[in-house]
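Below: one structure, written as structure tokens.
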Amino acid sequence: MDLKAFYRHQKQGFALRKALFAVYVVAVAVYFGWRVTTMNLDHPVFSAIFFAAEIATLVLALMSVLILWRVKERAPTTARDGLSVDVLVPTLNEQLPLVRRTVIAAMHIAYPHETWLLDDGDRPEMKELADSLGCHYLRRDTNRGAKPGNLNNALQYCKADFIAVIDCDHIAQRDYLDRLLGYFDDPQVAFVQAPQDYYNTNAFQYRNNARLGLLWHDQTGFFATGQAGRDFRNATTCCGTSTIVRRSVIDEIGGFPEETVTEDIHVAIKAQKLGYKSVYYPLPLAYGVAPVDLGEFQKQRLRWGQGNVQSIREEGLPLTRRLSFAQNAGYTYLGFLYAEGWARLVFYLTPPTVIFTGMMPIAPTHDFLWFFVPFFCIALLFFEELGRGHQRFHVNEQMAMARFPVFIASTFAVFRKRIKWRVSSKEFVGHFQVYLLAPQLAVLALNLCAAIWAIAVPDEALIEAYSLGMLVFGVMWCAFNCWLAASVIANAVRCAKNKRADYRFALKLPLQVSVDGGAASYASTIRLSATGMSFAVDAAAGVTDRSVLEGEIYVPGMAIPFRAAIEPGHPVEPSPDGEHHVVRCQFTWHDQNLIDRLDMSLHACVWHRRLVWDGEYFLTPLERLATFVGLMRDGRSQMKDHKAILYRRSDDGASPVKLALMLPGQSGCDVTLVAFEPLEPLQRLSVVWAGGGAETGQHLTVEQCTRPGETASAGPNDVSMYTFGAGRTAQTNKAVSQQPAPSACTAEPMPLNETAR
């Protein structure tokens, strides 16, 4: 998705959202106008607590409307030559391979800059890494101030006009600075923020739909709609990484704030209080590591929550006159949001409280469902549409169940002056800590018992005072709470099963492989990382636990030679579909440059993410309806049906074999071809391999370029995608087994010691 497509989607349906908002306001007025008349004076404390939870939820909803209502459309810019930039990579105790790939990617950002590795752990291996790669290295004798203290220490040595902060687990794409620096042509812009995104899509915060190829995590709404809406109000918040800050502004506010545990939001508030502007660029330019399990997820969210509350308290929000009303509201929302934890607790405990004690938060009435159900349905529809497909009710509720305990804990930060900085782990190995699930287990047990009790021993007095429908509603509410708690528990168990020390990308890429020096054959990867892979072959004859595998993996623009051994404890086994055999192996590299080449190809996520997850957003309820009746077309990417192929430019067997993607034809073409090199019209291509499909041996004739090249790279070589229409010609008589071994475009050594551009 490019900028135009992003903003086109954001603005789509605005007139409809205005109409729905008007209906929502009427529903709010009717429901809460009725609710104030139904306070239960027989149980005043319980009634007041429940009503307060409803009001808190309403206030948060209305504040989110203010933030999400409009977005500011940003045009792409071009970075002027000659700007001085320091790219800072702070690290504390992260593993060497993780930091290495981050530093390599940072060094090879295309725009001229200086890269600094800021080691707060005083580790000799970090000094050796910096020396071997050729970047600057800084360490300090104390960890005072944690990450902001580390950054402030670097300010004594870095003298560039702009500072780009990239966390040590985030892989910056090659055009990172080129995309963002142009916005600083306005001298009032203090910082430019791009979204945080992640490459380990099996992490706890992800809720994906593999069948539809749609990818979602609990920050999707914040970055896709929340930050874009804040940009309209000049209230974009800084997010700690994927950020570029004007150095003079940092100096003016006295450096990165160390008095809170979220220096990022604090920087944004301080800068905007001085009258500076902020810019939000909505497309990901770096990909990092999301917390893999529940424990790390809660640790990260607790620090964010405590820091947000601290920052708002320190800066006197929402009463400061140095921010506009919209800015005050936008930042106050980021602190008041954590009161949601208390409201959720009330909503989770209300059904069992009513069923077991007979206390009701509302006065006896038969009208509750007539007022509540229409209000709830209208609110649900409005906020689904307001979220533009980036927020979904059921998964939002699941994540709310997961984080409500840390939201509650975060609210106490308003009373705490100093909070210890807790760094979340960047490991990929999951852990199961059952005590962290105690709140969800309690909610599950209470609501399950309450539902069973209500069915087995129905309360006749409650039915008489409130109707049978009210009792049924209570049982359904209990069941919903049980489902939410069970989903969190199940997800925690799933993530605890992640036992690999690295993350393997789910990519179907072609490779040539020989077993114990035998003849080479084609195969397709299933999961792939720089340390190992699993791949599918038609037959596993000759593969044993002691086999040595050799071959080449085809990635955009090159083939990377590898040597591997069968993974211990994982014998060759049939695939779930029964059509192939799955081989799991670990690489035995002898050349660090090859590791880096493969690492950078995999972590240039822009080019391959759409192959597995072809949708940036879900269709809203009304969009689904309009698509079903034919009033609109599903405008999301349709690359999930791709097939990886290998091709040559000629039939002579001398030209190198290269990777491309083939999709069902569009605009009258037989197929749509996505290549990683520019091709000439009428260029004839010979398909060497197509995953065992019928296309092997065919010829493709390039007809037209339907989309200009899109660059997405995390290393020294750009990965550019070119989309062409192509026509098929007759299949040759050669079987794939008779094809000569391809002449690969092999990887050249990575120029690690060269400065960027």
Side-chain angles (χ1 to χ4, degrees), residues 94-95 98 167 169-170 195-210 214-224 239-241 284 287-306 337-338 340-341 344 348 390-410 422-444 481-506 527 529 605 609 612-613 618:
E94 296 78 11
Q95 295 182 357
L98 186 82
D167 281 353
D169 62 316
H170 275 65
Q196 289 188 29
D197 212 332
Y198 310 96
Y199 57 81
N200 58 324
T201 56
N202 62 348
F204 182 85
Q205 68 192 60
Y206 276 90
R207 295 292 188 278
N208 309 325
N209 189 321
L214 298 175
L215 189 67
W216 186 94
H217 62 86
D218 78 324
Q219 293 173 262
T220 298
F222 173 77
F223 285 112
C239 297
T241 189
Y287 294 84
V289 179
V292 68
D293 57 27
L294 175 64
E296 293 304 318
F297 172 83
Q298 290 189 338
K299 181 193 297 184
Q300 183 188 71
R301 296 309 193 268
L302 179 61
R303 182 173 63 82
W304 289 356
Q306 291 175 328
L337 174 65
Y338 296 92
E340 177 194 83
R344 297 286 180 182
Y348 299 149
H390 297 288
Q391 301 185 54
R392 299 179 294 158
F393 171 74
H394 64 289
V395 289
N396 286 344
E397 291 299 311
Q398 289 178 20
M399 298 310 299
M401 173 64 77
R403 63 188 178 229
F404 87 89
V406 297
F407 271 33
I408 291 174
S410 297
R422 302 179 68 197
V423 179
S424 57
S425 170
K426 304 300 188 294
E427 294 183 352
F428 299 105
V429 176
H431 303 278
F432 186 73
Q433 298 151 305
V434 67
Y435 67 90
L436 294 176
L437 288 168
Q440 289 79 18
L441 289 168
V443 169
L444 176 61
N481 288 342
C482 289
W483 174 71
L484 294 179
S487 68
V488 173
I489 296 167
N491 196 39
V493 172
R494 175 188 66 83
C495 292
K497 295 179 181 178
N498 295 326
K499 296 304 179 185
R500 292 194 181 277
D502 64 344
Y503 175 74
R504 292 190 177 181
F505 292 86
R527 292 190 174 274
S529 73
C605 294
R609 173 160 287 188
V612 182
W613 309 104
F618 290 75

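Everything numeric in this text was worked out from a predicted model, so none of it was measured. FYI, side chains are in, hydrogens and waters are out, and symmetry mates aren't considered; it's all heavy atoms of this structure.
- Each of Tyr206, Tyr287, Phe505 was checked for a ring-ring contact (aromatic ring centres under 6.0 Å, His included) with Tyr199, and the lone residue meeting it is Phe505.
- Annotation: the span from Ser487 atom OG to Gln440 atom CD amounts to 9.0 Å, rounded to 0.5 Å.
- The pair Arg392-Asp218 does not meet the salt-bridge criterion, since no charged nitrogen lies less than 4.0 angstrom from a carboxylate oxygen.
- Considering all non-hydrogen atoms of both residues, Ser410 and Gly305 come closest at OG-CA, 3.5 Å.
- Summarising the local packing, CZ of Arg422 is surrounded by 12 or fewer heavy atoms from other residues, nucleotides or ligands at distances under 6.0 Å.
- Closest heavy-atom contact between Val429 and Asp293: O-OD2, 4.2 Å.
- Paired with Tyr198 under the rule side-chain hydrogen bond (donor to acceptor under 3.5 Å, both in side chains), one option of His170, Gln205, Gln219 passes, and it is Gln219.
- How far SG of Cys482 is from CG of Leu444: 5.0 Å, rounded to the nearest 0.5 Å.
- For the pair Lys426 and Asp167, the salt-bridge criterion is not met [side-chain N within less than 4.0 Å of a carboxylate O].
- At least one test fails for Arg403 against the ring of Phe297: distance under 6.0 Å to the centre or angle within 45° of the axis.
- With respect to Tyr503, the side-chain hydrogen bond (donor to acceptor under 3.5 Å, both in side chains) criterion is satisfied by exactly one of Asn200, Thr201, Asn202: Thr201.
- Enclosure of atom NZ in Lys497 is not indicated, since only 12 or fewer non-hydrogen atoms of other residues, nucleotides or ligands lie within 6.0 angstrom.
- A salt bridge is defined here as a Lys NZ or Arg NE, NH1 or NH2 lying under 4.0 Å from an Asp or Glu carboxylate O, and Glu397 with Arg344 meets this definition.
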